[in-house]
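Heads up: the structure comes next, in structure tokens.
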Number of protein chains: 2
Amino acid sequence: MAVPSSISVPPTASPLFLRENEVRRGVELLFFGYTRLTRAIDEGLAEHGLGRAHHRALYFIARQPDLPISALLKILAITKQSLGRVLTDLSDRGLVETRAGDVDRRQKLLRLTPEGIQFEAQLFDALRNSLATAYAAAGQESVTGFWRVLEGLIPAEDKAMVVALQKDI
Amino acid sequence: MAVPSSISVPPTASPLFLRENEVRRGVELLFFGYTRLTRAIDEGLAEHGLGRAHHRALYFIARQPDLPISALLKILAITKQSLGRVLTDLSDRGLVETRAGDVDRRQKLLRLTPEGIQFEAQLFDALRNSLATAYAAAGQESVTGFWRVLEGLIPAEDKAMVVALQKDI
DNA sequence: AAGATGGGACAGCCATATTGACGTATCTTG
DNA sequence: CAAGATACGTCAATATGGCTGTCCCATCTT
């Protein structure tokens with residue numbers, strides 16, 4: 001079938017008018033790559049009766065300890081109510097604790113407990129195994145390209161947030 | 001905070017023992033890149049009262065017309081019941097049609113209607129805009145690396161399926 | 001004729017997200 | 001100091017997209 005969104009452009013066309021197959025390849029690899037990577041941690045989460053939403057919170061709290069709730073809300077881009085449930089679950093299991101902000105006492109700063117740190121590390125190991133294998137198979141140059149393309153997918157208004165995450169490592 | 005899953009390895013260590021920051025960067029870019037890309041199509045879907053699950057089905061049916069249901073189930077890796085609901089919605093809206101398989105008449109071969117073709121193309125345009133911008137900003141070499149790393153994330157047992165998708169473009 | 005396979009359908013459940021409204025503590029500013 | 005903005009919590013209702021288990025029918029295979 002000739003997929004109708006195909007655009008016939010000569011090779012000299014603007015680089016913004018990519019041939020359809022290059023775009024479809026990216027869409028599909030992103031879909032399969034992302035879903036398969038997340039599956040790597042499902043088992044560990046299920047042992048604690050948790051889901052992927054809990055892992056996302058755990059991950060970013062591990063990444064930026066003393067993260068205020070408002071910052072986590074921006075990162076995850078979900079509603080306060082949705083996050084509230086997730087944080088309640090994590091607190092009940094003793095994986096996350098909060099304390100009042102020192103400069104602004106309305107804030108609650110999130111932090112992993114020692115158990116939370118250990119659990120997040122265990123989940124992270126699964127992610128590392130998957131990504132390390134892919135990185136090694138692709139080579140360092142490819143890894144750089146991988147990062148560059150993904151950075152281009154992040155809208156300008158979110159980019160500062162992602163950069164802030166990565167600057168202290 | 002010293003995230004405890006960090007492993008201290010000298011630069012000469014095995015490439016499988018990547019430094020933590022390289023792995024975290026990949027995890028985060030994949031998360032933000034994937035979620036932001038999928039957001040590009042939400043508006044178009046909402047206009048028809050559809051969600052992302054519907055788009056995934058539409059996408060792969062567009063990609064491989066006359067796809068049997070069993071093949072779509074393998075691609076999406078969801079249950080027959082979950083897919084059934086999605087396909088019912090798409091049929092009710094006149095976007096997808098089925099016909100009996102010629103070699104095996106138990107099979108139902110899925111295909112987009114002309115309206116479905118047009119709608120999928122419209123959604124695909126949003127994806128193309130996002131990806132084309134990212135590709136152009138990163139450059140062709142980076143795109144190749146992007147593909148290579150993502151391919152490495154797909155488990156061996158799924159790789160044939162993805163390759164099959166991409167060989168006829 | 002028996003069994004395997006492709007697909008459909010019913011019932012019920014769970015996880016994760018949403019919106020809207022309201023409450024409380026704390027900070028900021030006129 | 002009073003007024004308003006902000007950070008967070010919470011209640012209620014709803015939607016989406018998954019899941020399991022079970023049973024059914026048509027068709028293909030042996």
A/Arg105 vs C/dT24: side-chain N/O to OP1/OP2 distance below 4.0 Å: no
Under-4.0 Å salt bridge between B/Asp66 and B/Arg99: yes
Touch class at under 4.0 angstrom, heavy-atom based, for B/Gly84 against every strand present: nothing
Value in whole Å for how far the P atom of C/dA17 lies from CZ of A/Arg52: 11 Å
Lys/Arg-Asp/Glu bridge criterion (N-O < 4.0 Å) met for A/Asp42, A/Arg39: no
Proximity to the side chain of A/Asp104 - top-ranked nucleotide from C/dG8, D/dT27, C/dC27: C/dC27
Between D/dT16 (P) and B/Leu83 (CG): distance, integer Å: 17 Å
Distance in angstrom units between A/Arg99 CZ and C/dA25 P, rounded: 21 Å
Spacing of A/Leu87 atom CG relative to D/dT10 atom P, expressed in whole Å: 11 Å
Side chain of A/Ala53 - closest among D/dG9, C/dG7, C/dT16: C/dT16
Within 45° cone of A/Phe146 ring axis and under 6.0 Å: B/Arg25 NZ or CZ: no
Beyond-backbone contact of B/Leu30 with B/Leu153, side-chain heavy atoms, under 4.5 angstrom: yes
N/O (side chain, A/His54) to phosphate O (OP1/OP2, C/dA15) under 4.0 Å: no
Closest nucleotide among D/dC19, C/dT18, C/dT16 to the B/Arg85 side chain: D/dC19
D/dC19 OP1/OP2 closer than 4.0 Å to side-chain N/O of B/Ser82: yes
A/Arg106 (side chain) and D/dT6 (base): donor-acceptor pair under 3.5 Å: yes
C/dG12 base / B/Gln81 side chain donor-acceptor hit below 3.5 Å: no
Phosphate OP1/OP2 of C/dA17 contacted by A/Thr79 side-chain N/O (<4.0 Å): no
salt_bridge(A/Arg24, B/Glu120) N-O dist < 4.0 Å: yes
Rounded interatomic separation in angstrom, taking CD1 from B/Ile69 and P from C/dA9: 10 Å
Proximal nucleotide (of D/dG21, D/dA26, C/dG7) relative to the B/Ser70 side chain: C/dG7
Whole angstrom value for the distance that separates P of C/dA17 from NZ of A/Lys80: 17 Å
Value in whole Å for how far the P atom of C/dT28 lies from CD of A/Gln107: 10 Å
Along DNA chain C (nearest heavy atom to each residue), the more 5'-positioned of A/Ile78 and B/Leu109: B/Leu109
Cluster link A/Leu109 to A/Leu73, ILVMFWY, side chain under 4.5 Å: no
Length of the line joining B/Asp42:CG and C/dT16:P, which is rounded to integer Å: 19 Å
Pair of N/O donor and acceptor under 3.5 Å linking C/dG8 base with B/Lys108 side chain: no
